[in-house]
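Since the structure comes first, as C-alpha coordinates, the remarks are kept for the end.
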2 protein chains.
Amino acid sequence: MAQVQILSRNQQIVLDIIEKAKGPLKAYSILFNVQKKGINAPQQIYRALDKLIEMGKIHKIESKNAFVACRSSDCEISKATAFSICESCEMVDEISDTKLSKYLSGFNHKKGMKFKRFNLEFFGICKKCKKD
Amino acid sequence: MAQVQILSRNQQIVLDIIEKAKGPLKAYSILFNVQKKGINAPQQIYRALDKLIEMGKIHKIESKNAFVACRSSDCEISKATAFSICESCEMVDEISDTKLSKYLSGFNHKKGMKFKRFNLEFFGICKKCKKD
DNA sequence: ATAACAAACGTTATATTATAACACAATGTT
DNA sequence: AACATTGTGTTATAATATAACGTTTGTTAT
Ligand SMILES: [Zn+2]
Ligand SMILES: [Zn+2]
Ligand SMILES: [Zn+2]
Ligand SMILES: [Zn+2]
(Lines give C-alpha, C1' and ligand atoms only; values in the text may rest on other atoms or scores of the structure.)
(Ligands and ions follow the chains in the order given, each with its own letter.)
Protein backbone atom coordinates (compact mmCIF):
# COMPACT_ATOMS: atom_id res chain seq x y z
CA MET A 1 0.00 0.00 0.00
CA ALA A 2 1.76 3.04 -1.28
CA GLN A 3 1.83 5.77 1.32
CA VAL A 4 0.79 9.11 -0.08
CA GLN A 5 3.71 11.43 0.29
CA ILE A 6 2.84 14.86 1.54
CA LEU A 7 5.10 17.46 0.07
CA SER A 8 6.08 20.74 1.63
CA ARG A 9 5.24 23.98 -0.12
CA ASN A 10 8.61 24.41 -1.79
CA GLN A 11 8.87 20.76 -2.71
CA GLN A 12 5.47 20.94 -4.40
CA ILE A 13 6.37 24.08 -6.32
CA VAL A 14 9.59 22.57 -7.60
CA LEU A 15 7.96 19.26 -8.46
CA ASP A 16 5.16 21.01 -10.37
CA ILE A 17 7.65 22.85 -12.55
CA ILE A 18 9.64 19.70 -13.28
CA GLU A 19 6.52 17.69 -14.07
CA LYS A 20 5.19 20.32 -16.43
CA ALA A 21 8.49 20.59 -18.30
CA LYS A 22 8.95 18.75 -21.57
CA GLY A 23 12.59 18.02 -20.89
CA PRO A 24 15.16 18.01 -18.12
CA LEU A 25 15.46 21.19 -16.09
CA LYS A 26 18.54 22.68 -14.50
CA ALA A 27 18.47 23.88 -10.93
CA TYR A 28 19.01 27.52 -11.78
CA SER A 29 16.42 27.48 -14.51
CA ILE A 30 13.96 26.15 -11.93
CA LEU A 31 15.04 28.95 -9.63
CA PHE A 32 14.36 31.63 -12.23
CA ASN A 33 10.96 30.10 -12.86
CA VAL A 34 9.82 30.23 -9.27
CA GLN A 35 11.04 33.62 -8.19
CA LYS A 36 7.53 34.97 -8.67
CA LYS A 37 6.45 32.47 -6.02
CA GLY A 38 8.83 33.93 -3.49
CA ILE A 39 11.68 31.47 -3.79
CA ASN A 40 14.87 33.45 -4.12
CA ALA A 41 17.85 31.31 -3.29
CA PRO A 42 19.54 28.27 -4.79
CA GLN A 43 19.51 26.56 -1.41
CA GLN A 44 15.74 26.43 -1.46
CA ILE A 45 15.80 24.71 -4.84
CA TYR A 46 18.54 22.27 -3.98
CA ARG A 47 16.87 21.32 -0.71
CA ALA A 48 13.63 20.55 -2.50
CA LEU A 49 15.45 18.66 -5.24
CA ASP A 50 17.29 16.51 -2.69
CA LYS A 51 14.08 15.49 -0.98
CA LEU A 52 12.25 14.83 -4.23
CA ILE A 53 15.09 12.59 -5.35
CA GLU A 54 14.98 10.71 -2.04
CA MET A 55 11.25 10.17 -2.53
CA GLY A 56 11.79 8.97 -6.09
CA LYS A 57 9.59 11.73 -7.51
CA ILE A 58 12.38 13.03 -9.70
CA HIS A 59 15.73 11.82 -10.98
CA LYS A 60 18.97 13.59 -11.69
CA ILE A 61 20.49 13.15 -15.12
CA GLU A 62 24.09 13.07 -14.04
CA SER A 63 25.62 13.75 -17.43
CA LYS A 64 23.58 16.92 -17.74
CA ASN A 65 23.22 18.18 -14.18
CA ALA A 66 19.53 18.34 -14.80
CA PHE A 67 16.37 16.92 -13.32
CA VAL A 68 13.37 15.05 -14.73
CA ALA A 69 10.14 13.85 -13.20
CA CYS A 70 9.82 10.11 -12.68
CA ARG A 71 7.32 8.68 -15.13
CA SER A 72 7.71 5.03 -14.24
CA SER A 73 6.00 3.64 -11.19
CA ASP A 74 8.38 0.73 -10.87
CA CYS A 75 11.79 2.34 -10.70
CA GLU A 76 12.12 1.33 -7.04
CA ILE A 77 12.64 4.76 -5.56
CA SER A 78 15.64 5.65 -7.65
CA LYS A 79 17.55 2.48 -6.92
CA ALA A 80 17.53 1.43 -10.54
CA THR A 81 17.37 4.16 -13.12
CA ALA A 82 17.96 4.14 -16.86
CA PHE A 83 17.59 6.91 -19.37
CA SER A 84 17.81 7.46 -23.07
CA ILE A 85 19.29 10.80 -24.00
CA CYS A 86 19.31 12.49 -27.39
CA GLU A 87 22.61 14.23 -28.01
CA SER A 88 20.99 16.56 -30.48
CA CYS A 89 17.78 17.87 -28.90
CA GLU A 90 18.63 16.97 -25.30
CA MET A 91 15.46 14.97 -24.92
CA VAL A 92 15.50 12.52 -22.04
CA ASP A 93 13.30 9.49 -21.72
CA GLU A 94 13.16 7.24 -18.68
CA ILE A 95 13.58 3.64 -19.72
CA SER A 96 11.22 1.29 -18.00
CA ASP A 97 12.25 -2.18 -19.07
CA THR A 98 11.70 -5.00 -16.63
CA LYS A 99 14.25 -7.31 -18.21
CA LEU A 100 16.94 -4.67 -18.27
CA SER A 101 16.18 -3.65 -14.73
CA LYS A 102 16.25 -7.23 -13.49
CA TYR A 103 19.43 -7.99 -15.38
CA LEU A 104 21.24 -5.03 -13.87
CA SER A 105 19.78 -5.41 -10.39
CA GLY A 106 21.08 -8.95 -10.36
CA PHE A 107 24.49 -8.06 -11.70
CA ASN A 108 27.28 -8.67 -9.25
CA HIS A 109 30.79 -7.40 -9.38
CA LYS A 110 33.45 -10.02 -9.77
CA LYS A 111 35.30 -8.49 -6.87
CA GLY A 112 32.48 -9.30 -4.50
CA MET A 113 30.92 -5.93 -4.19
CA LYS A 114 27.17 -5.99 -3.67
CA PHE A 115 25.40 -3.18 -5.48
CA LYS A 116 22.59 -1.23 -3.92
CA ARG A 117 21.82 1.05 -6.80
CA PHE A 118 22.69 1.84 -10.38
CA ASN A 119 22.21 4.57 -12.94
CA LEU A 120 22.45 3.95 -16.66
CA GLU A 121 22.49 6.61 -19.36
CA PHE A 122 22.22 5.75 -23.04
CA PHE A 123 23.13 8.33 -25.67
CA GLY A 124 22.14 8.61 -29.30
CA ILE A 125 20.05 10.59 -31.74
CA CYS A 126 16.31 10.35 -31.29
CA LYS A 127 13.86 9.49 -34.08
CA LYS A 128 12.63 13.04 -34.36
CA CYS A 129 16.15 14.45 -34.79
CA LYS A 130 17.11 11.81 -37.33
CA LYS A 131 14.42 13.04 -39.68
CA ASP A 132 15.82 16.56 -39.78
CA MET B 1 46.85 -2.25 -35.54
CA ALA B 2 46.44 0.21 -32.74
CA GLN B 3 47.93 3.54 -33.64
CA VAL B 4 50.16 4.86 -30.89
CA GLN B 5 48.70 8.10 -29.74
CA ILE B 6 51.15 10.88 -29.22
CA LEU B 7 50.11 13.16 -26.44
CA SER B 8 50.89 16.81 -26.13
CA ARG B 9 52.86 18.07 -23.16
CA ASN B 10 49.84 19.11 -21.10
CA GLN B 11 47.87 16.03 -22.01
CA GLN B 12 50.75 13.84 -20.86
CA ILE B 13 51.12 15.70 -17.59
CA VAL B 14 47.43 15.39 -16.81
CA LEU B 15 47.29 11.75 -17.83
CA ASP B 16 50.31 10.91 -15.67
CA ILE B 17 48.65 12.36 -12.60
CA ILE B 18 45.40 10.53 -13.23
CA GLU B 19 47.16 7.24 -13.88
CA LYS B 20 49.22 7.50 -10.73
CA ALA B 21 46.20 8.29 -8.59
CA LYS B 22 44.56 5.53 -6.57
CA GLY B 23 41.09 6.95 -7.10
CA PRO B 24 39.16 9.42 -9.19
CA LEU B 25 40.57 12.92 -9.40
CA LYS B 26 38.71 16.20 -9.69
CA ALA B 27 39.74 18.79 -12.23
CA TYR B 28 40.80 21.37 -9.69
CA SER B 29 42.74 18.86 -7.64
CA ILE B 30 44.64 18.00 -10.81
CA LEU B 31 45.21 21.69 -11.35
CA PHE B 32 46.69 22.17 -7.88
CA ASN B 33 48.93 19.18 -8.48
CA VAL B 34 50.43 20.51 -11.69
CA GLN B 35 51.01 24.14 -10.84
CA LYS B 36 54.65 23.35 -10.21
CA LYS B 37 54.84 22.25 -13.83
CA GLY B 38 53.68 25.63 -15.05
CA ILE B 39 50.02 24.90 -15.62
CA ASN B 40 48.04 27.67 -14.00
CA ALA B 41 44.54 27.79 -15.40
CA PRO B 42 41.50 25.50 -15.34
CA GLN B 43 41.19 25.80 -19.12
CA GLN B 44 44.46 24.00 -19.57
CA ILE B 45 43.23 21.12 -17.44
CA TYR B 46 39.81 20.90 -19.04
CA ARG B 47 41.26 20.98 -22.54
CA ALA B 48 43.58 18.11 -21.73
CA LEU B 49 40.78 16.19 -20.04
CA ASP B 50 38.52 16.60 -23.07
CA LYS B 51 41.12 15.22 -25.43
CA LEU B 52 42.04 12.36 -23.12
CA ILE B 53 38.39 11.40 -22.89
CA GLU B 54 38.05 11.51 -26.68
CA MET B 55 41.04 9.21 -26.96
CA GLY B 56 39.59 6.84 -24.39
CA LYS B 57 42.59 7.25 -22.08
CA ILE B 58 40.43 8.43 -19.21
CA HIS B 59 36.76 8.42 -18.29
CA LYS B 60 34.60 10.87 -16.43
CA ILE B 61 32.64 9.58 -13.47
CA GLU B 62 29.54 11.67 -14.00
CA SER B 63 28.10 11.23 -10.56
CA LYS B 64 31.27 12.56 -9.01
CA ASN B 65 32.58 15.04 -11.55
CA ALA B 66 35.85 13.21 -11.37
CA PHE B 67 38.19 11.44 -13.74
CA VAL B 68 39.83 8.01 -13.77
CA ALA B 69 42.34 6.37 -16.06
CA CYS B 70 41.01 3.66 -18.34
CA ARG B 71 42.29 0.28 -17.22
CA SER B 72 40.41 -1.87 -19.69
CA SER B 73 41.68 -2.23 -23.19
CA ASP B 74 38.30 -3.18 -24.61
CA CYS B 75 36.05 -0.33 -23.58
CA GLU B 76 35.72 0.79 -27.19
CA ILE B 77 37.00 4.31 -26.75
CA SER B 78 34.48 5.32 -24.14
CA LYS B 79 31.46 4.16 -26.07
CA ALA B 80 30.55 1.62 -23.44
CA THR B 81 31.60 2.36 -19.91
CA ALA B 82 30.62 0.81 -16.60
CA PHE B 83 31.88 1.53 -13.13
CA SER B 84 31.49 0.27 -9.62
CA ILE B 85 31.57 3.02 -7.04
CA CYS B 86 31.88 2.69 -3.27
CA GLU B 87 29.67 5.18 -1.50
CA SER B 88 31.84 5.03 1.57
CA CYS B 89 35.46 5.32 0.43
CA GLU B 90 34.78 6.75 -3.04
CA MET B 91 36.74 4.00 -4.70
CA VAL B 92 35.93 3.55 -8.38
CA ASP B 93 36.56 0.43 -10.37
CA GLU B 94 36.04 0.11 -14.11
CA ILE B 95 33.91 -2.91 -14.88
CA SER B 96 35.16 -4.92 -17.79
CA ASP B 97 32.56 -7.58 -18.39
CA THR B 98 32.07 -8.78 -21.92
CA LYS B 99 28.60 -10.14 -21.34
CA LEU B 100 27.39 -6.95 -19.71
CA SER B 101 28.96 -4.84 -22.39
CA LYS B 102 27.42 -6.93 -25.18
CA TYR B 103 24.05 -6.95 -23.51
CA LEU B 104 23.96 -3.19 -23.18
CA SER B 105 25.50 -2.48 -26.57
CA GLY B 106 22.76 -4.55 -28.13
CA PHE B 107 20.00 -2.97 -26.10
CA ASN B 108 17.54 -1.00 -28.18
CA HIS B 109 15.00 1.47 -27.02
CA LYS B 110 11.40 0.50 -27.58
CA LYS B 111 10.81 3.89 -29.13
CA GLY B 112 13.22 3.12 -31.92
CA MET B 113 16.19 5.12 -30.81
CA LYS B 114 19.52 3.63 -31.73
CA PHE B 115 22.14 4.10 -29.05
CA LYS B 116 25.70 5.06 -29.83
CA ARG B 117 27.05 5.07 -26.33
CA PHE B 118 26.20 4.33 -22.74
CA ASN B 119 27.53 4.93 -19.27
CA LEU B 120 26.59 2.79 -16.31
CA GLU B 121 27.41 3.52 -12.69
CA PHE B 122 26.80 0.99 -9.92
CA PHE B 123 26.84 2.08 -6.30
CA GLY B 124 27.40 0.11 -3.13
CA ILE B 125 29.83 -0.50 -0.30
CA CYS B 126 33.09 -2.15 -1.25
CA LYS B 127 34.52 -5.21 0.47
CA LYS B 128 37.14 -3.23 2.28
CA CYS B 129 34.64 -0.78 3.73
CA LYS B 130 32.28 -3.56 4.80
CA LYS B 131 34.92 -4.95 7.13
CA ASP B 132 35.22 -1.71 9.08
C1' DA C 1 61.62 26.36 -47.33
C1' DT C 2 57.72 28.64 -46.89
C1' DA C 3 52.98 29.28 -47.01
C1' DA C 4 48.74 27.57 -45.23
C1' DC C 5 46.32 25.14 -41.95
C1' DA C 6 45.21 22.74 -37.70
C1' DA C 7 46.10 21.72 -32.94
C1' DA C 8 47.72 23.05 -28.73
C1' DC C 9 48.93 26.71 -25.62
C1' DG C 10 48.61 30.70 -22.14
C1' DT C 11 45.81 34.05 -20.07
C1' DT C 12 42.00 36.77 -18.22
C1' DA C 13 37.51 36.88 -17.26
C1' DT C 14 33.11 34.95 -16.39
C1' DA C 15 29.34 31.56 -16.19
C1' DT C 16 27.28 27.69 -13.98
C1' DT C 17 26.50 24.43 -10.40
C1' DA C 18 26.38 23.47 -5.55
C1' DT C 19 27.12 23.89 -0.48
C1' DA C 20 28.10 26.15 4.27
C1' DA C 21 26.35 28.37 8.03
C1' DC C 22 23.05 30.63 10.87
C1' DA C 23 18.59 32.00 12.70
C1' DC C 24 13.83 31.04 12.85
C1' DA C 25 9.15 28.66 12.28
C1' DA C 26 6.14 24.76 12.09
C1' DT C 27 5.19 20.11 13.39
C1' DG C 28 5.20 15.93 15.88
C1' DT C 29 6.55 13.07 20.21
C1' DT C 30 7.27 12.05 24.98
C1' DA D 1 6.35 21.84 28.56
C1' DA D 2 10.48 20.05 26.59
C1' DC D 3 12.52 18.07 22.86
C1' DA D 4 13.54 16.44 18.30
C1' DT D 5 12.67 16.75 13.37
C1' DT D 6 11.76 19.03 9.29
C1' DG D 7 11.26 22.86 6.62
C1' DT D 8 12.17 27.77 5.74
C1' DG D 9 14.68 32.21 4.46
C1' DT D 10 18.94 34.48 3.91
C1' DT D 11 23.78 35.74 3.04
C1' DA D 12 27.93 34.25 1.63
C1' DT D 13 31.10 31.30 -0.63
C1' DA D 14 32.93 27.08 -2.77
C1' DA D 15 33.46 24.13 -6.63
C1' DT D 16 32.93 23.10 -11.43
C1' DA D 17 33.21 24.58 -16.16
C1' DT D 18 33.38 27.62 -20.33
C1' DA D 19 34.10 31.98 -23.38
C1' DA D 20 37.05 34.67 -25.82
C1' DC D 21 41.36 36.32 -27.43
C1' DG D 22 45.84 36.17 -29.18
C1' DT D 23 50.16 33.36 -29.61
C1' DT D 24 52.90 29.28 -30.48
C1' DT D 25 53.86 24.88 -32.28
C1' DG D 26 53.40 21.11 -35.40
C1' DT D 27 51.88 19.22 -39.99
C1' DT D 28 51.06 19.25 -44.83
C1' DA D 29 51.36 20.85 -49.48
C1' DT D 30 53.58 23.32 -52.95
ZN1 LIG E 1 11.71 6.78 -12.22
ZN1 LIG F 1 16.52 14.51 -30.52
ZN1 LIG G 1 37.90 2.24 -20.12
ZN1 LIG H 1 34.85 1.47 0.07
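Residue numbers start from 1 in every chain, and the chains themselves are labelled A, B, ... in the order their sequence lines are given, proteins ahead of strands.
Between A:Ile53 atom CD1 and C:dA18 atom C1' the separation is 12 Å, expressed in whole Å. The distance from atom CD1 of A:Ile61 to atom P of C:dT17 is 15 Å, rounded to the nearest whole Å. Nucleotide C:dA15 holds its C1' atom 12 Å from the OH atom of B:Tyr46, rounded to whole Å. One atom, CZ of B:Arg9, and another, P of D:dT25, lie 12 Å apart when rounded to the nearest Å. Residue A:Phe67 contributes atom CZ, which lies 16 Å from atom P of C:dT16 at whole-angstrom precision. Atom pair B:Glu62:CD and D:dT16:P shows a separation of 14 Å (rounding to whole Å applied). Atom NZ of B:Lys64 and atom P of C:dA18 are 15 Å apart (whole Å). Rounded to an integer number of Å, the gap from B:Met55 CE to C:dA8 C1' is 11 Å.
Listed by residue number, B:Asn40, B:Ala41, B:Gln43, B:Gln44 are the residues of residues 26-44 of chain B with a heavy-atom contact under 4.0 Å to DNA chain C.
The pair A:Lys57-A:Glu19 does not count as a salt bridge, with every side-chain nitrogen at least 4.0 angstrom from each carboxylate oxygen. Ion pairing between a basic and an acidic side chain is recognised when a charged N comes within 4.0 Å of a carboxylate O; B:Glu87 and A:Arg117 show such pairing.
Side chain to side chain, A:Ser63 and A:Glu121 meet the donor-acceptor criterion of an N or O pair below 3.5 Å. Checked by atom type, the side-chain pair A:Gln44/A:Asn40 shows no donor-acceptor distance below 3.5 Å. Side-chain contact of A:Ser84 with A:Asp93: a donor-acceptor pair under 3.5 Å is absent, judged by distance alone.
Taking only side-chain nitrogens and oxygens, A:Ser8 comes nearer than 4.0 Å to OP1 or OP2 of D:dT8. For A:Lys51 and D:dT6, the shortest distance from a side-chain N or O to OP1 or OP2 is not below 4.0 Å. Between B:Lys60 and D:dA17, a side-chain N or O to OP1/OP2 separation shorter than 4.0 Å is present. Phosphate contact (OP1/OP2 of C:dT17, side-chain N/O of B:Asn65, threshold under 4.0 Å): absent.
Follow the hydrophobic side-chain contacts under 4.5 Å out from B:Phe118 and you reach A:Leu104 in the same cluster.
Heavy-atom neighbours of A:Lys102 NZ from other residues, nucleotides or ligands within 6.0 Å: at or below the threshold of 12.
Checked against D:dA17, C:dT19, C:dG10, the side chain of B:Arg47 finds its nearest nucleotide in C:dG10. When the nucleotides D:dG9, D:dG7, C:dA18 are ranked by their closest atom to the side chain of A:Asn10, D:dG9 comes out on top.
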